[in-house]
2 protein chains.
Amino acid sequence: MNQPRYQRRKEDRPEEITAAALEAFAKNGYAATRVDEVAKRAGVSKGLLYLYFKTKEELFKSVVRSFVMPRIDTLIKIIETSDMSSEKFLRGPFLDFARQVPGSPISVIVRLMVAEGPKHPDLVQFYWDNVVSHGLGAINELLWHGVQSGEFQRSTVSEQPALFVMPVIFSVIFNLLFSKQPIDTDRLIETQIDLLISHLKGHTT
Amino acid sequence: MNQPRYQRRKEDRPEEITAAALEAFAKNGYAATRVDEVAKRAGVSKGLLYLYFKTKEELFKSVVRSFVMPRIDTLIKIIETSDMSSEKFLRGPFLDFARQVPGSPISVIVRLMVAEGPKHPDLVQFYWDNVVSHGLGAINELLWHGVQSGEFQRSTVSEQPALFVMPVIFSVIFNLLFSKQPIDTDRLIETQIDLLISHLKGHTT
DNA sequence: CTCGTTACTGACCCATGAGTCAGCAACTAC
DNA sequence: GTAGTTGCTGACTCATGGGTCAGTAACGAG
């Protein structure tokens, strides 16, 4: 008859709260998100949230840890284990990954990092160590491999992995800001990859 | 003997306050900047600030107006009045402009927009109307001109002005976050422009 | 059905900072 | 000088929201 007003589910709470926080941050950004709102989304009181996360900042850290690293690690695994040509990898798995980032939680994290990063140097360091350096390093290695095997020519392009990441980050930020005039993310990413590969294959100076 | 505690300098106040606001925003971001601090930096009381700017948001708009719009407008003027070839313009004035952005107040504004835009849709709209649409429009026109005159081939590149802006925005954000491992901004921008022009001049598919 | 443990609630506290306003003092005209 | 104007001050109000804690009720053990 009388439904219990709540259930005790200690195990699941942190995960659920973290997911709710991602939603809220996605919608409003970090500073503008009320802890009350996160709690509400998680179907929980504010007090309970503070039992699991000491501060709002802890909550933020938890979101970063939960939603970014697994994705990047997966991609790096593919680079390391597969033996396809560099071009095949760039046009295949890498392009697929790049195209799906703008619609994934990673895009939210990117924005949060840009917004709150300067106030949380330790978080930025963590993000660099576990995500950025790995990602850029992997691309670097891939390009180096291409050059070594004679598939790509050595040039200034083959030494700047950022050229490959650029359109992804740019698209994420552009569309988060100007959602009213969205950019064609897929097209931008594809064009850039095409340009880069064209160059690396020696079709131009 | 008795120095006056302040001088009445109605003419200069708005400009000085705007400059102070830019400094404060650069240091702390929009939300984290206290109006009190801006006033202090400007050597003025908070009350006076509110005589010249109705709200904190007005203050922000004033910063954009003073430090961003003139730069963009100057660049557009050059496009419209000069009759140099599209390539010359891209390799000359445009490249110069792009290279100096990361060290200019514009980079501060970009960061602010990314970080706090979602909470202030009207600010985003203001920025779009007065800066982004003008800038992208100008590049579009330039590319179209190049195509019309036969200087450039028509392609997917000539229809995506964002390709030219991308490295600038990316550099600003990257270096803001990871100032410990800064990226070579000039090199990135130059490489991208080279790639794009190479393509547009028909050296590749 | 107890009774003890503890996951959970939500009303509360209080630091913060945007925005206000009554009065003061710098300047001007005479 | 002195009276009028107005640029300017800074103490104030008040909404907001992060963080707390005394109490409540779900659940398990006996």
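Residue numbering restarts at 1 for every chain, and letters A, B, ... go by the order of the sequence lines.
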*Between atom OG of A:S133 and atom CD of B:Q181, what is the distance when rounded to the nearest 0.5 Å?*
8.0 Å
*For the helix from C:dC1-D:dG30 to C:dC30-D:dG1, what is the angle between the axes at its two ends, each from 5 pairs, rounded to 10°?*
0°
*asked:* Using the side-chain heavy atoms of A:K46, tell me which of these nucleotides is nearest: C:dA26, C:dA11, C:dT9.
replied: C:dA11
*Select one nucleotide: of D:dC8, C:dG10, D:dG19, the one nearest the side-chain heavy atoms of A:T55.*
D:dG19
_First of A:R9 and B:A31 reached from the 5' end of DNA chain C, by closest nucleotide_ = A:R9
*asked:* Between D:dG18 and A:Y50, counting only base atoms on the nucleotide and side-chain atoms on the residue, is there a donor-acceptor pair under 3.5 Å?
replied: no
*asked:* Distance check needed: C:dT20 P versus B:F53 CZ, whole Å only.
replied: 15 Å
*Please give, in whole Å, the distance from D:dG7 C1' to B:I17 CD1?*
12 Å
*Are OP1 or OP2 of C:dC8 and a side-chain N or O of A:R13 less than 4.0 angstrom apart?*
yes
*Using the ring of each side chain (for Trp, its six-membered ring), is B:F25 parallel, tilted or perpendicular to B:Y30, with breaks at 30° and 60°?*
tilted
*What is the distance from CG of A:L49 to C1' of C:dA7, rounded to the nearest Å?*
14 Å
*Compute whether any side-chain donor of one residue and acceptor of the other, for A:H199 and B:S198, lie under 3.5 angstrom apart.*
no
_Classify the ring geometry of B:W128 against A:F174: parallel below 30°, tilted from 30° to 60°, perpendicular beyond 60°._
perpendicular
*Which listed nucleotide (D:dA26, C:dA26, C:dG10) is nearest to the side chain of A:P4?*
D:dA26
*Can you tell me how far P of D:dG17 sits from CG of A:L59, to the nearest Å?*
16 Å
*Write down the distance between CG (B:D36) and C1' (C:dA15), rounded to a whole number of angstrom.*
15 Å
_What is the distance, to the nearest angstrom, from the OH atom on B:Y52 to the P atom on D:dG7?_
6 Å
*If you draw the axis of the six-membered ring of A:Y127, does the NZ or CZ of A:R65 fall within 45° of it and under 6.0 Å from the ring centre?*
no
*Do A:D96 and A:Q100 meet the criterion of a side-chain donor-acceptor pair at a distance under 3.5 Å?*
no
*May I ask you to verify whether the side chain of B:K56 and the base of C:dG19 hold a donor-acceptor pair under 3.5 Å?*
no
*Rounded to whole angstrom units, what separation is found between the CZ atom of B:R5 and the C1' atom of C:dA25?*
7 Å
*Is the B:F170-A:F170 ring centre distance short of 6.0 angstrom?*
no
*Please state whether the base of D:dT6 and the side chain of B:R8 form at least one donor-acceptor pair under 3.5 Å?*
yes
*Please report, rounded to the nearest Å, how far the C1' atom of D:dG18 is from the NZ atom of A:K54.*
15 Å
*First of A:R34 and A:G47 reached from the 5' end of DNA chain D, by closest nucleotide*: A:R34
